[in-house]
Amino acid sequence: VRNEGAIELESFSLSTSITVSDFSHEQYREIVGGLLMRYPFDLIHIHHLISHTFDVPRIAHTLGIPYIFTFHDLYMICPTVHMLNYDQQFCEGECTACDDRQCTLPTPNLAKAPLLPGKWALTWRKEVQAILANAAGFITPTENIKQFFLKMYPELKSTNFLAIEHGRDLEVEKSVATSPEQNEVVRIVTIGDIVLHKGAELFLELANIDQGRSYEIHILGPVHEELTNHPGIICHGRFQRADLHGLLESIQPLSLIHI
């Protein structure tokens with residue numbers, strides 16, 4: 001990466017796709033091994049392994065190349081990513097009997113996952129433990145997620161494990177917060193991908209209380225289908241970051257809710 005731009009050096013195609021149950025893949029392993037030996041990597045920073053095997057950390061360890069993980073979600077605890085069970089409830093990592101019902105899988109990449117509640121979830125964690133054991137360190141965006149990983153993998157307490165918040169530098173032109181006039185609807189804004197695991201049901205409950213009579217909830221970003229065309233909820237859809245200030249200025253919210 002040079003001057004904040006990526007330069008493609010090599011590209012590859014796999015003859016067979018990788019599924020979530022493929023902890024290793026022969027062709028992928030050969031490609032990764034070749035790359036790690038051709039280029040003088042000092043450190044490998046793994047942000048996610050979804051749609052990948054566990055070959056990168058395994059080969060890196062064999063070659064003596066240190067690697068670290070950033071845990072952006074709960075994928076390394078359970079392939080459901082968000083740990084929603086078959087009833088779309090947060091399971092806290094405790095698998096229960098399910099009558100052959102699959103847990104909630106958020107992306108087609110995971111469609112071929114074995115039945116998760118029970119033995120295979122434990123198989124997954126055993127494989128994960130093996131690659132985490134040789135990592136040089138870990139990063140999470142919040143202290144809460146860090147403590148949850150330490151609960152599931154207590155052996156990580158002896159490693160370098162940091163909680164570093166996500167940060168962005170935004171140039172704020174001026175405040176867009178606006179106090180409503182008397183008898184005017186209060187406008188509240190939330191920004192993000194508001195789906196089930198990110199509070200969609202909470203916003204539905206808030207909207208059902210008032211039905212848009214005294215306050216409106218404006219959502220900037222993708223939403224769960226149940227939030228569309230609902231009284232009290234206004235969905236603005238996807239947006240470009242450069243347009244954020246203009247959108248907020250047009251809405252004139254009293255406050256912003258972040259989940």
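Since this is a predicted model, take the numbers as computed values, not measurements.
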Going by heavy atoms in the side chains, are [X] and [Y] under 4.5 Å from each other?
{"X": "L220", "Y": "V189", "value": "yes"}
{"X": "I188", "Y": "E216", "value": "no"}
{"X": "L49", "Y": "F54", "value": "yes"}
{"X": "W120", "Y": "P79", "value": "yes"}

Check: Could you state the interatomic distance from CD (Q129) to CE (M76), rounded to the nearest 0.5 Å?
Finding: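 It comes to 11.0 Å.
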Please name the pair of heavy atoms, one in [X] and one in [Y], separated by the smallest distance, quoted to 0.1 Å.
{"X": "Y67", "Y": "A60", "result": "CD2-CB, 3.9 Å"}
{"X": "P66", "Y": "D42", "result": "CG-O, 3.3 Å"}
{"X": "W124", "Y": "I77", "result": "CD1-O, 3.5 Å"}
{"X": "F69", "Y": "A135", "result": "CD1-CB, 4.2 Å"}
{"X": "L36", "Y": "I59", "result": "CD1-CG2, 3.8 Å"}
{"X": "C235", "Y": "V223", "result": "SG-CG2, 3.9 Å"}

For [X] and [Y], which I'm curious about, is there any donor-acceptor pair between the side chains at under 3.5 Å?
{"X": "T53", "Y": "D55", "value": "yes"}
{"X": "T70", "Y": "H45", "value": "yes"}
{"X": "S15", "Y": "Q27", "value": "yes"}
{"X": "H52", "Y": "Y28", "value": "yes"}

Next item on the list: Return the orientation label for the F90 and F148 ring planes: parallel under 30°, perpendicular over 60°, tilted otherwise.
Entry: tilted
Next item on the list: May I ask you to check whether F138 and F149 place their ring centers less than 6.0 Å from one another?
Entry: no
Check: Aromatic ring centroids of Y75 and H48 under 6.0 Å?
Finding: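 Ring centroids of Y75 and H48 are less than 6.0 Å from each other.
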